[in-house]
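As the structure is a computational prediction, the values presented were derived from the model and not from experiment.
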Amino acid sequence: MSSRRKQEKGLQFSGRQDDLPCVAIVDADSVTRAGMALSFVQAGWSATASARSSDLLTPSSPCPALILLDLRVAEPSALDTIAAIRRLPLPAGSAPVVALTTTRPTGPSVLIAHGFDGVLPRPATPDDLVRVSADWHPGEEDRSLDRLAHSFGAGQIASMAGRLRELFATAVVAIDRGEVRDLAHRIAGVAGTLGFARAGQAWRALSDRDGGDAAVQAAARREARRAIALIDRRLAPENADAPST
């Protein structure tokens with residue numbers, strides 16, 4: 001079988017494993033874990049909670065749509081833990097990870113450069129948790145993929161989603177390098193076509209503002225990472241050879 005035929009065979013569009021996205025919460029304090037889990041459940045998530053970062057290194061079903069990681073329990077270190085997560089097979093390796101930290105760094109850029117997707121002060125306030133939930137919930141885009149697959153065929157939508165995933169991965173690298181100007185308009189159009197409305201809006205804002213300010217770039221990066229993780233969760237494991245950007 002040719003490599004192309006193998007690729008086409010691997011591009012199978014899987015059904016959602018659960019009606020609710022899962023958040024994995026890792027925190028040193030049991031009361032804090034329970035409180036965060038309750039907040040997310042009330043916001044339309046399912047939740048798992050643990051005190052050990054090592055639990056994140058065993059792929060679970062369903063794969064988390066978001067990980068909240070207390071850096072105090074990241075063993076042997078925060079950077080080692082995120083590196084180990086990013087080495088996991090997809091979709092686990094591309095799950096968004098938000099750091100929970102009691103010490104505010106000079107900026108989240110150092111952690112993001114090493115594979116995190118955001119920083120949240122610990123203890124997080126209810127407003128913090130509502131914002132993070134809204135930022136990362138798969139929402140309508142997950143259902144949009146189902147509707148497109150029903151209309152045009154699972155194989156075709158899987159192939160298109162795989163190409164969009166590659167484009168988003170390139171875009172994340174471009175943002176981190178400050179080279180987004182040439183990509184923004186293209187991504188905005190393609191994302192909207194496949195039902196990733198939020199990503200399309202974020203990248204259109206980036207295009208309209210000729211690169212945008214830090215907040216606009218952060219929103220575009222987050223939406224690209226959110227889309228990557230969603231696509232990875234929906235494509236079959238045979239497709240899991242893409243880099244976990």
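- Residues V172 and F168 are not in side-chain contact: their nearest non-hydrogen atoms beyond the backbone lie 4.5 Å or more apart.
- More than 12 heavy atoms of other residues, nucleotides or ligands sit less than 6.0 Å from atom CZ of R131.
- Within the model, atoms CD of E141 and CZ of R234 stand 12.0 Å from one another, a figure rounded to the nearest 0.5 Å.
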Worksheet item: Can V26 and D55 be said to form a side chain to side chain contact (heavy atoms under 4.5 Å, CB included), step by step?
Response: CA-CA 9 Å; V26 180; D55 290 342; 5.8 Å; no
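- D70 places a side-chain N or O within 3.5 Å of a backbone atom of A28 that can act as its donor or acceptor partner.
- Residues T32 and R122 have side chains in contact (heavy-atom distance under 4.5 Å, counting atoms from C-beta outward).
- Once rounded to the nearest 0.5 Å, the distance linking OG of S151 with CG of D146 reads 10.5 Å.
- Under 4.0 Å is where a charged nitrogen must lie from a carboxylate oxygen, and between E166 and R163 no such pair does.
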Worksheet item: Should L57 and I85 be marked as a side chain to side chain contact (heavy atoms under 4.5 Å, CB included) after you check the CA-CA gap, both sets of side-chain angles, and the distance that decides it?
Response: CA-CA 6 Å; L57 304 182; I85 291 171; 3.9 Å; yes
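- Remark: R204 CZ to I187 CD1 distance equals 12.0 Å, nearest 0.5 Å.
- Side-chain atoms of F116 and L71, non-hydrogen and from C-beta on, do get closer than 4.5 Å to each other.
- Atoms CG and CZ, on L68 and R33 in that order, are 13.0 Å from each other to the nearest 0.5 Å.
- The backbone N or O of P21 sits nowhere less than 3.5 Å from a side-chain atom of W45 that would complete a donor-acceptor pair.
- Between the side chain of R86 and the main chain of G115, a donor-acceptor pair closer than 3.5 Å is present.
- For the pair R226 (side chain) and P138 (backbone), a donor-acceptor distance under 3.5 Å is present.
- By the 4.0 Å N-to-carboxylate-O rule, D176 lies close enough to R221 to be salt-bridged with it.
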